[in-house]
Structure formats: structure tokens, C-alpha cells
Amino acid sequence: MKLRKKWASTVGIAGLCAALAMPVYAAETETRPATHHHDFSISGFVDYAELQKSLKQMEASSKGAVQVDVAGQSFEGRDIYTARVGTGDKVILVQSEIHGNEKTGTVALLNLLKTLSGNSSQAKQIREEVTLVFMPMMNPDASEADKRRNSMTWADTVEAYPQLAGATPSWNYLDRGISQSYDYGANPGFDVNRDFNPDLDYVPEAADFPGASNLPGWFLTPESQTSRDVYKSLQAEFGKVDVFVDLHHQGMYYVGGTNDPVTLSLSAQFVPDPSTPEGAKYAEYADNYNYDFSRQLNVAAYNELQSYGNSKFTNISLYSQGLDLPGTALGSYALNGSGTVLFEVRGQTQSLGQKEKGQLVKSVERGLSAIVESVADGSVETLDPEEYEKIPLTSYSPAD
């Protein structure tokens with residue numbers, strides 16, 4: 001199945017725009033007012049109402065290939081969706097916009113979903129081998145407000161978890177100052193991507209607060225709970241989630257040793273290997289953890305993007321390594337046995353707006369399509385995981 005060039009280029013904005021003509025998928029909810037807080041236009045990205053319309057249209061037009069479900073609700077009451085395609089026994093879970101100012105992944109997922117649900121022989125072959133579950137815009141409150149964090153306050157948290165009364169608020173909760181051009185003093189919230197725990201049945205305990213970046217999170221937020229619940233349901237159905245991919249944005253960096261601005265960074269490493277002295281605190285997860293498979297998945301994406309020759313698609317770097325972030329979705333799910341891939345595209349909305357949107361979305365599509373295809377046909381298992389170590393590191397400044 002040689003799909004990479006064909007697949008990643010077949011879905012365009014015109015197809016997505018056509019999808020947006022359908023009726024709203026679910027009733028709109030009353031929400032707290034959000035004020036646009038920077039000067040860069042983001043009108044070219046997908047908002048929540050457009051997401052609903054697009055998912056409804058694709059479910060209807062796919063003739064059963066796409067199954068859209070409401071997996072949970074955000075803090076402000078917006079539905080969080082899953083879109084499922086394929087019936088294979090290899091399971092790939094992909095989520096976007098856990099941070100609401102990181103929007104390219106949602107567009108890429110909708111584009112790929114349209115292609116995967118089509119009638120081409122390639123799409124049909126992939127659907128036979130793989131079950132793909134997409135969670136586009138899994139933090140819709142933050143997306144609508146164009147901010148990193150959700151809209152849940154610490155008072156809301158204590159109301160939901162009375163056992164936390166008197167505890168120091170968690171380190172990932174912000175209720176003061178300006179961050180990424182957004183006023184969290186006026187509108188507090190949690191960084192949802194620090195609210196995960198490798199113990200998927202964890203119940204919050206006051207003794208575990210305020211925590212730290214190198215300690216597990218708590219599943220306080222409805223957004224992280226929804227992701228966890230989807231993950232657990234797939235574990236129950238299939239035995240494991242083979243691959244988990246999280247689609248993010250980052251700052252403006254350079255490919256190490258060059259003057260080339262990074263288009264996209266990748267990573268397979270979010271916690272130290274439980275079988276090593278550095279990862280000894282995760283020893284109970286050692287039998288599940290598969291770092292080599294994660295590296296192979298990243299190599300598949302990297303090789304695909306490098307195949308585009310002298311272009312910005314080859315400006316790919318390796319995200320910071322040596323991390324210990326068990327409170328991230330990637331760290332928690334890696335410890336539960338998933339091969340993991342981080343996508344970090346160039347620039348967030350407060351620093352770039354929708355500038356370079358087309359190229360950045362296409363980079364995600366192409367890298368993700370390579371992962372899906374190589375898992376479907378098994379070729380990912382033939383890749384040398386040590387090739388991962390040859391990907392150039394990210395640099396904060398150009399070489400000159």
C-alpha cells in the first residue's frame with residue numbers, strides 16, 4: 001500500500017468547506033464570553049460549530065465508515081467527540097487541541113478522516129488493518145477562547161472533589177497574570193496536558209498536591225477524564241492501544257546545526273525507561289513500556305517528511321529529550337504500553353495566527369499518514385529504532 005504521497009495530498013480545504021455546510025451536530029451551549037486577545041487572525045482554522053458540522057457531514061456521507069460519538073463534555077458543557085474509522089485489530093488514537101491555541105491538528109484530522117473514509121482501495125485496505133479513533137479539539141472551551149488552558153477554577157475543583165478542601169492548588173493551575181497573551185488572572189484554568197496519571201484508575205488525594213512536572217497528574221479536569229475514558233474503553237475492547245499520537249504547537253525554533261526554522265518537531269520520549277535506574281519509580285510499568293516501537297513510529301514520520309526534498313517539509317527536528325513528564329497524556333499512555341508520537345508544529349496562535357497554516361497542516365497530515373500506513377502494512381516494525389537518534393535536535397537559535 002503506497003499511499004503516502006497520494007493520501008496526504010487528496011484532501012483540500014475545498015472539501016472541508018463543503019463539509020461545513022451541514023446543520024449543527026449538537027445543540028449549542030451557553031458559555032462564558034471569550035474575548036479575542038491578540039492581533040493575529042485565526043479565522044482560517046476550525047471553530048467548534050464548524051467541527052460539529054464537519055463531523056456530522058462525514059458521518060452521513062461515509063455510509064457507515066465513520067462513527068461519531070460524544071465521549072464526554074468539557075467543563076463548560078461542550079461535547080467532546082470521537083470519530084472512529086476502520087475495523088482492524090491495530091488501534092491508533094490521535095487527539096488534537098488539548099491546548100486551544102494549537103489548532104493545526106484539528107484541521108489535519110478532519111482532512112485525514114475524509115480521506116480514510118473514502119472509497120479508494122488504499123483507504124479500504126487501511127480500514128481493514130487499523131481502527132483509528134480521532135479526538136479532534138478535545139479541549140473545546142480553550143479552543144473557543146483561543147487559549148492554552150481550560151476554564152475550570154480551583155473552587156470548581158474542590159466542589160467536585162471535597163477531599164481536596166484545604167489542599168494547595170495544583171502546580172498546573174493558573175489564576176494570575178498574563179500567559180501567552182491571555183489573562184488568566186481574570187479567567188483561571190488548568191493546563192489539561194499535565195492532568196494525566198499512568199494509574200488510569202487514580203482518584204485525587206489531597207496528599208498529592210500541589211505536585212510537580214515530574215510527578216503524575218490527577219484527572220481533575222473533565223477533558224483529561226474524557227481522554228482517559230476513551231483510552232480505557234479501547235483497552236477493554238482491544239487489549240491495548242497500540243499507538244497514541246498527540247498534536248501540539250510550540251515556539252519558533254531552528255533545526256540543530258542549521259539556520260532553518262523548524263516546521264515540525266517529533267518525539268518518542270516523555271518519561272525515563274522504567275527498566276533503567278533513571279526510570280525506577282515507574283518499574284511497575286516496565287513490562288508495558290516499548291520505547292523502541294515509539295522510536296520506530298517517529299522514524300516513519302520523519303522519513304516521510306524528508307522524502308519531500310529541498311523544502312520546508314524537511315525542516316524536522318527532535319523535541320527536547322531526557323524528559324520526565326508522567327502527567328502528560330503521552331507519558332501516561334506510554335507507560336500503559338502505547339507507542340507514542342508527539343507532533344509540535346511551528347508557532348502558536350498568539351505568535352503566528354493562521355500564517356503558514358496550509359504548510360503546517362500538510363506537514364501534520366503527511367507525517368501522520370506515514371504512521372498510519374506503516375502500522376497498517378507492518379512496515380514500521382522493519383525500521384531501525386536507532387535512526388531516531390540521528391534526527392537533529394531542536395535549537396533555540398540559528399547556527400550562525
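Just so it is clear, the structure is predicted and the values come from calculations on it, not from any experiment.
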Distance check, rounded to the nearest 0.5 Å: D191 atom CG versus L174 atom CG? 9.5 Å
Closest non-hydrogen contact found for A108 with V364 is CB-CG1, 3.7 Å
Would you say the side-chain atoms of E59 pair up with the backbone N or O of V68, donor to acceptor, closer than 3.5 Å? yes
Does the ring center of Y253 lie less than 6.0 Å from the ring center of Y396? yes
Q163 side chain to P204 backbone, donor-acceptor under 3.5 Å: yes
With a 3.5 Å distance limit and no angle check, can you tell me whether D242 reaches the backbone of I92 through a side-chain donor-acceptor pair? no
Hey, does the Lys NZ or Arg CZ of R366 hover above the aromatic six-ring of Y308, less than 6.0 Å from the centre and inside 45° of the axis? yes
Are more than 12 heavy atoms from other residues, nucleotides or ligands located less than 6.0 Å from atom CD of Q306? yes
So does Y282 get a backbone contact from the side chain of Y289, meaning a donor-acceptor N/O pair under 3.5 Å? no
Side chains of Y231 and S338: is there a donor and an acceptor less than 3.5 Å apart? yes
Quick one: CE on M252 to CZ on R346, what's the gap to the nearest 0.5 Å? 4.0 Å
Are the side chain of K103 and the backbone of G100 linked by a donor-acceptor contact shorter than 3.5 Å? yes
Keeping D69 on the side-chain end and A71 on the backbone end, is there a donor-acceptor pair under 3.5 Å? no
side-chain hydrogen bond (donor to acceptor under 3.5 Å, both in side chains) assessment of S363 paired with T263: CA-CA 8 Å; S363 296; T263 297; 5.4 Å; no
In the single-linkage hydrophobic clustering (I, L, V, M, F, W, Y; side-chain heavy atoms under 4.5 Å), do F244 and L323 co-cluster? yes
Side chain R78, main chain E144, donor-acceptor under 3.5 Å: no
Atom CG in N298, atom CZ in F343: separation rounded to 0.5 Å? 7.5 Å
For the CD atom of Q348 and the OG1 atom of T104, what is their distance to the nearest 0.5 Å? 10.5 Å
Verify same cluster id: I42, V107 (apolar side-chain graph, 4.5 Å): yes
Give the intermediate values and the outcome of salt bridge (Lys or Arg N to Asp or Glu O under 4.0 Å) for residues R295 and D292. CA-CA 5 Å; R295 293 196 294 173; D292 278 352; 2.6 Å; yes
Any donor-acceptor N or O pair under 3.5 Å, side chains Q321, Y388: yes
For the residue pair Y81 / Q52, report whether a side-chain donor-acceptor contact shorter than 3.5 Å exists. yes
Determine whether the side chains of T87 and E128 contain a donor N or O and an acceptor N or O closer than 3.5 Å. no
Under the ring-ring contact (aromatic ring centres under 6.0 Å, His included) criterion, do F293 and Y291 qualify, and how do the steps go? CA-CA 5 Å; F293 182 51; Y291 184 47; over 10 Å; no
Could you grab the distance from atom CG of L113 to atom OG of S54, nearest 0.5 Å is fine? 7.5 Å
Quick one: do the E223 and N150 side chains pair a donor with an acceptor below 3.5 Å? yes
Considering non-hydrogen atoms only, spot the tightest contact between V372 and I126 and give its length. CG1-CG2, 3.9 Å
Could you tell me which non-hydrogen atom of T131 sits nearest to which non-hydrogen atom of G88, and how far apart they are? OG1-O, 2.6 Å
H249 side chain to V345 main-chain N or O, any donor-acceptor pair under 3.5 Å? no
Verify the neighbour count for atom CD of E159: are there more than 12 heavy atoms of other residues, nucleotides or ligands below 6.0 Å? no
Does one side chain, of S374 or S379, offer a donor that lies under 3.5 Å from an acceptor on the other? no
Can D141 and S74 be counted as having a side-chain donor-acceptor contact under 3.5 angstrom? yes
Do I371 and L116 sit in one hydrophobic cluster, given that two such residues count as connected whenever their side-chain heavy atoms are within less than 4.5 Å of each other, even indirectly? yes
So, F190 versus W171, ring centres under 6.0 angstrom or not? no
What I want to find out is whether D324 reaches K281 closely enough, with some N-O distance under 4.0 Å, to be called a salt bridge. yes
How far apart are the closest heavy atoms of A370 and A301, and which atoms are they? CB-CA, 4.3 Å
Whether the side chain of D260 engages the backbone of N315 through a donor-acceptor N/O pair (distance < 3.5 Å, no angle test) should be reported. no
Taking T382 for the side chain and G378 for the main chain, is one N or O donor matched with an acceptor at less than 3.5 Å? no
Verify side-chain hydrogen bond (donor to acceptor under 3.5 Å, both in side chains) between T328 and Y333, making sure each step is shown before the conclusion. CA-CA 8 Å; T328 61; Y333 295 164; over 6 Å; no
Hey, which of D246, V341, L342 is the one that makes side chain to side chain contact (heavy atoms under 4.5 Å, CB included) with S267? L342
In sequence, state the C-alpha distance, the side-chain angles, and the governing distance for S317 and T394, and then conclude on side-chain hydrogen bond (donor to acceptor under 3.5 Å, both in side chains). CA-CA 5 Å; S317 67; T394 300; 2.7 Å; yes
Between K312 and E356, is the closest basic N to carboxylate O distance under 4.0 Å? no
With sequence neighbours excluded, residues passing side chain to side chain donor-acceptor pair (under 3.5 Å) with D195: T221, S224
To the nearest 0.5 Å, tell me how far E50 CD sits from L110 CG. 10.0 Å
Verify whether one side chain among E102 and H248 offers a donor that lies under 3.5 Å from an acceptor in the other. yes
Go through the side-chain N and O atoms of K147 and S151 and say whether any donor and acceptor fall under 3.5 Å apart. yes
With hydrophobic residues grouped by side-chain heavy-atom distances under 4.5 Å, do L247 and V262 end up in a single group? no
Quick test of your reading of the model: are E237 and R84 salt-bridged, counting only N-O distances below 4.0 Å? yes
Side-chain donor-acceptor contact under 3.5 Å, D229 with T226: no
Test side-chain hydrogen bond (donor to acceptor under 3.5 Å, both in side chains) on S265 and Q250 and set out the steps. CA-CA 9 Å; S265 296; Q250 62 182 341; 2.9 Å; yes
Answer with yes or no whether the hydrophobic clustering places Y319 together with V255; edges join I, L, V, M, F, W, Y residues whose side-chain heavy atoms lie under 4.5 Å apart. no
Ring centers of W218, F209 separated by less than 6.0 Å: yes
Exactly one of N101, D146, T349 should register a side-chain hydrogen bond (donor to acceptor under 3.5 Å, both in side chains) with Q180. Which one does? N101
Quiz item: cation-pi between R228 and F219, 6.0 Å / 45°: yes
Does R149 make a cation-pi contact with Y182, if we ask for NZ or CZ under 6.0 Å from the ring centre and within 45° of the axis? no
